[in-house]
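Just so you know, ligand 1 is whichever comes first in the structure, and atom 1 is the first atom listed for that ligand.
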Amino acid sequence: MINITNLHKSYGDNAVLKGINEHIRQGEVVSVIGPSGSGKSTFLRCINLLENPTQGDIEIEGQSITAKDACVDKLRQKVGMVFQNFNLFPHKTVLQNITLAPVSLKLMTQAEADNKALALLTQVGLQDKANAYPSSLSGGQKQRVAIARALAMEPDLMLFDEPTSALDPEMVGDVLDVMKDLAQKGMTMVIVTHEMGFARDVSDRVIFMDGGYVVESNIPEELFTRPKEARTQSFLSKVL
Ligand code: ADP
Ligand code: MG
């Protein structure tokens with residue numbers, strides 16, 4: 001589903017991604033772990049062109065998104081993204097937050113989008129919050145709204161950048177449960193996370209990044225219990 005070939009990204013002189021090659025299958029759930037500053041967010045942001053790669057190619061569903069004539073809007077419809085800090089529109093209700101994009105892009109009528117949004121709110125356990133404003137929600141509730149909003153576009157792929165890092169500990173479980181449910185429904189997901197337990201339980205594969213490279217990638221049982229590379233061993237010894 002995603003083919004990444006020789007992906008490089010630099011900011012000025014700062015080379016952040018130094019040649020990443022990855023193939024992500026349809027329905028695969030991939031966790032990306034690694035130290036702060038290793039390029040995890042940049043990697044994710046290149047997949048939906050929030051950052052423009054300096055070099056290399058990314059194909060999604062057989063179409064290059066890095067080609068000069070690539071259609072960025074179509075790509076963004078296929079790829080949902082959830083950020084650490086929710087990024088909800090504060091002056092809009094939960095329902096408006098979820099329906100805004102599909103209606104303004106004319107993918108659905110307002111009535112269709114409202115129905116879809118209510119079903120998604122039920123899916124994330126917030127059916128009673130449709131008319132609430134984000135400021136009245138807890139962090140965990142906001143993040144579940146953000147997930148529902150991304151799903152309203154009916155994406156083929158979901159990207160998560162540390163979705164639970166800004167949450168109080170007691171909120172983390174509800175958000176991870178929603179993500180687990182999504183994974184079990186067959187969504188293709190790439191998740192940057194510090195939740196090692198979640199990465200181990202839910203992922204089909206774990207990628208360890210360090211210094212702008214994918215150092216090691218394996219099924220979770222192998223990567224967590226028998227890491228091959230010294231850098232992976234050292235990182236895991238600090239976080240496990
Ligand atoms: P991670 O998510 O693994 O912590 P990032 O991808 O956020 O790592 O950052 C990797 C490096 O890229 C860091 O050195 C960071 O300072 C730099 N960086 C990230 N985003 C930008 C940007 N928009 N402009 C300049 N430098 C950036
Ligand atoms: Mg990051």
Side-chain angles (χ1 to χ4, degrees), residues 2 4-22 24 28-58 60 65-66 72 75-76 79-88 139-140 142-143 146-147 149-150 155 157-169 171-172 175-176 179 188-200 202-203 205-218 220 223-224 227 229-240:
I2 315 177
I4 298 166
T5 313
N6 194 29
L7 173 64
H8 288 251
K9 174 67 185 178
S10 300
Y11 297 103
D13 293 342
N14 184 12
V16 174
L17 301 179
K18 300 174 184 168
I20 292 189
N21 295 287
E22 277 299 326
I24 295 167
E28 196 175 18
V29 177
V30 176
S31 290
V32 181
I33 64 170
S36 180
S38 57
K40 305 180 299 296
S41 293
T42 304
F43 174 58
L44 216 56
R45 293 168 65 85
C46 282
I47 298 177
N48 67 351
L49 295 185
L50 287 177
E51 302 290 351
N52 279 310
T54 316
Q55 191 189 323
D57 188 37
I58 303 174
I60 297 182
I65 65 165
T66 37
V72 177
L75 161 76
R76 296 252 167 81
V79 183
M81 176 121 179
V82 174
F83 302 88
Q84 185 174 339
N85 292 312
F86 331 124
N87 294 359
L88 297 177
K142 283 182 203 170
Q143 194 58 299
I147 294 171
R149 180 176 63 174
L157 165 67
M158 286 282 284
L159 308 176
F160 296 85
D161 193 357
E162 297 193 29
T164 60
S165 292
L167 303 181
D168 291 333
M171 310 282 174
V172 169
V175 172
L176 293 180
M179 293 169 63
T188 310
M189 298 163 67
V190 184
I191 307 161
V192 174
T193 186
H194 295 297
E195 296 288 337
M196 297 299 152
F198 177 81
R200 185 189 277 237
V202 177
S203 314
R205 190 155 61 88
V206 180
I207 290 175
F208 172 67
M209 282 184 69
D210 193 17
Y213 295 100
V214 171
V215 173
E216 185 165 353
S217 147
N218 213 331
L223 190 120
F224 285 115
E229 301 293 331
R231 279 193 284 173
T232 319
Q233 290 164 9
S234 160
F235 175 77
L236 290 175
S237 72
K238 289 177 201 140
V239 299
L240 289 182

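What sits closest to atom 25 (C) of ligand 1 on the protein, heavy atoms only, is Tyr11 CG, 3.3 Å. Among all non-hydrogen protein atoms, the one lying nearest atom 4 (O) of ligand 1 is Gly37 N, 2.7 Å. Regarding atom 12 (O) of ligand 1, its nearest protein heavy-atom neighbour is Val16 CG2, 3.1 Å.
The one candidate from Glu195, Gln143, Lys142 that meets the side chain to side chain contact (heavy atoms under 4.5 Å, CB included) condition with Val175 is Gln143.
Note that CE of Met81 and CG of Asn48 are 5.5 Å apart. Values are rounded to the nearest 0.5 Å. In this structure, OG1 in Thr66 is found 8.5 Å from CG in Leu7, a value given to the nearest 0.5 Å.
Looking at Thr42 against ligand 1, both its backbone and its side chain come within 4.0 Å, counting heavy atoms.
In this structure, a donor-acceptor pair under 3.5 Å is absent between the side chains of Thr5 and Asp57.
Within the listing of ligand 1, atoms 3 (O) sit less than 4.0 angstrom from a heavy atom of Pro35. Residue Asn14 approaches ligand 1 through these ligand atoms, each under 4.0 Å from one of its heavy atoms: 14 (O), 17 (C).
Between Ser41, Ser38, Gly211, it is Ser41 that holds the heavy atom closest to atom 7 (O) of ligand 1.
The closest approach between any non-hydrogen atom of Gly39 and ligand 1 is below 4.0 Å.
Between Met209 and Val214, some side-chain heavy-atom pair lies under the 4.5 Å cut-off. Within the 4.5 Å cutoff, the side chain of Phe43 has no heavy atoms near those of the Pro53 side chain.
For the pair Lys238 and Phe235, the NZ or CZ position fails the cation-pi test of under 6.0 Å to the six-membered ring centre and within 45 degrees of the ring normal.
Among the backbone and side-chain atoms of Ser36, none of the N, O or S atoms lies under 2.8 Å from the Mg ion (ligand 2).
Put simply, atom 21 (C) of ligand 1 has protein non-hydrogen atoms near it, under 4.0 Å away.
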